[in-house]
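Here is the structure we will look at.
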2 protein chains.
Amino acid sequence: MVYRSEFPVFAVTADLVILTLREQQLCVLLVRRGVEPYAGMLALPGGFVHENEDLVDAAYRELAEETGIDPALVTGLEQLQTYGTPGRDPRPERVVSVAWVMLGANLPDPVAGSDAAEALWVPVTDLCEQELAFDHARILNDGLERARSGLEHSALATAFVGPEFTVSELRGVYEAVWGERLDPANFQRKVTGTKDFLIPVKGQLSLGRGRPARVYRAGPATVLHPPLRRA
Amino acid sequence: MVYRSEFPVFAVTADLVILTLREQQLCVLLVRRGVEPYAGMLALPGGFVHENEDLVDAAYRELAEETGIDPALVTGLEQLQTYGTPGRDPRPERVVSVAWVMLGANLPDPVAGSDAAEALWVPVTDLCEQELAFDHARILNDGLERARSGLEHSALATAFVGPEFTVSELRGVYEAVWGERLDPANFQRKVTGTKDFLIPVKGQLSLGRGRPARVYRAGPATVLHPPLRRA
DNA sequence: CCAAAAGTGTTCCAAGTACACCCATGA
DNA sequence: TCATGGGTGTACTTGGAACACTTTTGG
C-alpha cells in the first residue's frame, strides 16, 4: 500500500448490472475478460473510476467503452451497493466497487472494447454461480432483486419495452423478471387503472394471432399507487 | 493525485446515520468536528477505512472511536449509499464515502473521541440543512427515508425500543419516525396480528396513567406481511 | 366518580384473485 | 368455422380506515 498522507489508498471501480429482454428472456450484459485477473471469465462490465469523474459518469463511460452501447439508450442508472471486502479482487491494490443497475429496451448487440475480449447478452437462467469473476455473482443477484422490487413500486417496467407497446408486452416484462405467470385480465385492469402509468396512443392497433391490442406509451407516473405485487 | 500503477487513488470513508428516540423525538448522532475541514461544524460520525479492513467493520470502529458507543449496542448496520462526487470533500484527495444507517434503542450519551470535539444527539426536526458539514445533510435525508421505509416492510422498529415493550411504545416509534399520528386501535390489531412480530411476555403489565398494557418482546419475524403503511 | 390509556367489535370501502364470458382477428 | 389472444364483468375475499365501545388503572 502506498500512502499519500495519513489515509490508506483505494482503487474505485464502477460495475454494471444492465438487464434487458431478448426473446422473452431476462438477460444480463456480460463481458469476457481479456486481461488478468480472471482472464477468459465472464464478468459484469465495469472499470476504474477516473480522477475528477463522478461515480455515475464513470458507470456510463465504462458501459460505452466495454460494450459499445450508447449511454443515451440506458438513462436511469440506479446505484445498487458498494462492495469492498478485502481480497475480493486478487490484485494487490484494495479495490472498492460501486455497483449500478439498469433496465433497457431493445438494446443492441454489444461490441467488445478496451479490456473486454467479448461482450454478450446472457440469459440469467443460464448462469451458474461460479461462472462469474470476482464477487460478481453476488452483485448480479443483488441487482436482480433490486430490479424485481423496482417493478413492484415504480413504473420502471416501461424501460424494458419500446416507446409504444401493448399491455401484454408489458405483462411479458413482469413475467420474465419475476419468473411467474400473471393473470392477463387482472394485469390489464391494474395497469390501465393506475393513473399516469399508461397513455393510449390514438386509434392504433397491433397485430398478432388473436384480437389486436391497444397501443400505449409510458405516462409520467414514476411510482405506482398501489404497488403491483408479486406472489 | 498520486498513482500507484495505472489507476487513480481514492480515500474511502465510512459515514454513519445512527438514529434513536430520546423523549419521543427522533434524534441523529452527530459530532462537532475538531479538525479542518469544517472544524466546529456538525457532521455525521465517520472516518477513513483502514487497510485490510472491511467496509462494515470500519463503520463499527468509527462509531466506537468518535462517539464512544459500544458497537454491540448497534448491531444491524445497513449500507445506505455511496457518495463520491468530485469536490464533495474540499481536501485535495478524492474522497468516496460509504454511508450506513442504523436504529438503536436507549443508546447512551455519546462521548467525543479522536477527531470529534463533541458528540451529541440532535433531534432531526431541529436541523437546518446548512448546519451539516460536507454533503451530510443529503446523506442524513437519504438515511431518514431509508429508516421510514424500513419500518413499513421489516420488523426494524423493535430495534428502537428495549428488549421488552408495550404496543404503545412501539406505536410511538412509528409516530416519531414517520412524523404522523396512528390510530391506536388499528395499530394494535395490526402488530399483534402479524405472525412472529410480537411475543407476549407472561403475565407482565406496565403502569402508566390509564389501563396497564401487556408487555411483549420482539419475535423472529424480519419482514412484515402485509407491510405497515404510511399515509 | 372521572380522566386516560388499553384493547375489542363493527362497519365501510379499496383492492387483489379467480374465473366466466364476450370481442376481434388470422387461418 | 375454430383457435387465439384482448379485454370486460362479477363474485369472493383480504385488509385498511374510522370510530363506537368496553376494560382497567390512577387520582
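Chain letters run A, B, ... following the sequence lines, proteins first and then strands; every chain starts at 1. The structure displayed is predicted, hence computed values, not measured ones.
- For the pair Leu182(B) CG and dA6(C) P, the interatomic distance rounds to 13 Å; values are reported in whole Å.
- Atom pair Arg181(A):CZ and dA18(C):P shows a separation of 15 Å (rounding to whole Å applied).
- When rounded to the nearest whole Å, the span between CZ of Arg211(A) and P of dC2(D) equals 20 Å.
- The CD atom of Glu175(A) sits 13 Å away from the C1' atom of dG5(D) (whole-angstrom rounding).
- Distances shorter than 4.0 Å separate none of the side-chain N or O atoms of Ser168(A) from OP1 or OP2 on dG5(D).
- Of the two residues near DNA chain D, Arg189(A) and Glu169(A), the one whose nearest nucleotide lies more 5' is Glu169(A).
- Atom CG in Asn186(B) sits about 15 Å away from atom P in dG7(C), given to the nearest Å.
- Between the CD atom of Glu180(B) and the P atom of dA18(D) there is a distance of 11 Å, given to the nearest Å.
- A salt bridge is defined here as a Lys NZ or Arg NE, NH1 or NH2 lying under 4.0 Å from an Asp or Glu carboxylate O, and Arg217(A) with Glu164(A) fails to meet this definition.
- For the pair Arg229(B) CZ and dT14(D) P, the computed distance is 17 Å after rounding to whole Å.
- Side-chain contact of Tyr83(A) with Asp15(A): a donor-acceptor pair under 3.5 Å is absent, judged by distance alone.
- For Thr20(A) (side chain) and Gly104(A) (main-chain N/O), a donor-acceptor pair under 3.5 Å exists by modelled atom type.
- Phosphate contact (OP1/OP2 of dG7(C), side-chain N/O of Gln188(B), threshold under 4.0 Å): present.
- For Arg138(A) and Asn141(A), the side-chain atoms include no donor-acceptor pair closer than 3.5 Å.
- The base of dA4(C) has none of its N or O atoms less than 3.5 Å from a complementary donor or acceptor on the side chain of Arg209(B).
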